[in-house]
Amino acid sequence: MADRPLTLMAVHAHPDDEATGTGGVLARYAAEGIRTVLVTCTDGRCGDGPGGAKPGEAGHDPAAVAAMRRQELEASCEVLKVGHLELLEYADSGMMGWASNDEPGSFWRTPVAEGAARLAELMRHYRPDVVVTYDENGFYGHPDHIQAHRITMAALELVDLTPKVYWTTAPRSAMQRFGEVMREFGADWEEPDPGSAEVVEVPEIGLPDEEITTWVDTTAFAGQKFDALAAHASQGDNIFFLKMGKERFAGLMGVETFLRVRDTTGAALPENDLFAGLR
Ligand SMILES: [Zn+2]
């Protein structure tokens, strides 16, 4: 095989997404000797400030929030043994519809071609065998997640590489159980009422189980994933998983799931390894 290490590149929107979506696989593949590269596209400045202050509220200094989140991201990467952290440092666009979507330098208003060119440079440098990002809806509709998807898919067109490409997802079978646990721990989670008109507004999150191509067992790394999430303490109010405690978390979050969207290996589906067919 190639005279360079097998390489996993994960492209994420904000500090903390690396832990939420891919903490298990980052930790597991690092432990298996695979080189792991995390690309974080934004600085997370629209996250919570001290005391949970939101952007625009007193006590929310975007530059200070970004600096804090950079430290937390580095701590998370240490926990997950991420080999290389690359920061694109676009301004966090905030939630869909916020005025920050349109601020100069925001990731959302950055032309896809510009972000893709920068990411392609990193792909040429690291030559990833596996690339992971979000689906076209950014999993749940956050503009920066959608933009991370767009620049990743565009960058792949610019490089002379044929990595396996995956989008993070969640099995629908787990969503109900997840909703129950969220309610148990006091989260504001409303089960959609099938009789109400509101139901059409609820975005379809995740995939039917039979459509999921890739189920990676990360049970042994759930503790590391929890600790990586905990490293993002300034956003703790938004990280629901921390409320359930490490043990419960490990029981619930032992598998990470993906949709394989590009492949040159022919590895049979469903598979249980992002690197199936590559080693
Ligand atoms: Zn995010």
Side-chain angles (χ1 to χ4, degrees), residues 9-26 37-49 52-55 60 62 65-77 79-80 82 85-103 105-110 112 115 119 131-153 166-170 178 182 187-189 203 205-206 225-226 228-243 253 256-259:
M9 175 180 279
V11 183
H12 280 294
H14 308 104
D16 75 18
D17 294 319
E18 79 291 346
T20 318
T22 55
V25 291
L26 286 169
V37 181
L38 169 64
V39 180
T40 299
C41 296
T42 79
D43 60 5
R45 72 175 66 177
C46 292
D48 286 1
K54 303 290 180 193
H60 189 283
V65 170
M68 168 63 73
R69 299 195 72 185
R70 164 102 182 241
Q71 285 180 18
E72 291 175 341
L73 177 59
E74 287 170 357
S76 167
C77 285
V79 170
L80 298 173
V82 169
L85 171 61
E86 297 284 353
L87 304 171
L88 298 188
E89 298 193 298
Y90 290 108
D92 186 343
S93 312
M95 295 298 194
M96 193 64 91
W98 289 10
S100 49
N101 292 178
D102 297 317
E103 268 169 33
S106 85
F107 191 34
W108 184 237
R109 70 176 263 172
T110 298
V112 170
L119 183 56
V131 172
V132 178
T133 189
Y134 315 104
D135 62 27
E136 59 271 74
N137 188 41
F139 186 62
Y140 72 104
H142 191 297
D144 290 328
H145 290 235
I146 294 170
Q147 189 75 330
H149 164 87
R150 289 177 179 168
I151 74 162
T152 302
M153 301 315 287
Y166 294 90
W167 298 341
T168 53
T169 189
F178 183 66
M182 282 186 80
D188 188 15
W189 172 279
I205 287 180
K225 180 168 175 166
F226 187 87
L229 284 165
H232 295 282
S234 71
Q235 307 305 309
D237 285 353
N238 303 326
I239 303 176
F240 157 75
F241 298 117
L242 295 174
K243 294 184 174 64
M253 306 297 288
E256 288 182 349
T257 49
F258 302 87
L259 180 66

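Only heavy atoms go into these numbers, but all of them, side chains included; no hydrogens, no water, no symmetry mates. For ligands, and for the atoms within them, numbers begin at 1 and follow the listed sequence. Heads up: numbering here begins at 1 and tracks the sequence.
- For M96, the side-chain contact (heavy atoms from CB on, under 4.5 Å) partners two or more places apart in sequence, or in a different chain, are N101, W108, P143, I146.
- Annotation: ring-ring contact (aromatic ring centres under 6.0 Å, His included) contacts of Y166 (sequence neighbours excluded): none.
- At a cut-off of 3.5 Å, with distance as the only test, no side-chain donor of D135 or H149 sits close to an acceptor on the other residue.
- For Y134, the ring-ring contact (aromatic ring centres under 6.0 Å, His included) test picks out H12, H145, with sequence neighbours left out.
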Next on the checklist: If you apply the rule side chain to side chain donor-acceptor pair (under 3.5 Å), what do you find for Q147 with T110, and how did you get there?
Outcome noted: CA-CA 9 Å; Q147 189 75 330; T110 298; 5.4 Å; no

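- For the Zn ion (ligand 1), the neighbouring protein N/O/S atoms at less than 2.8 Å, given as residue and atom, are H14 ND1, D17 OD1, D17 OD2, H145 NE2.
- Annotation: M68, atom CE; neighbour count of heavy atoms from other residues, nucleotides and ligands within 6.0 Å does not exceed 12.
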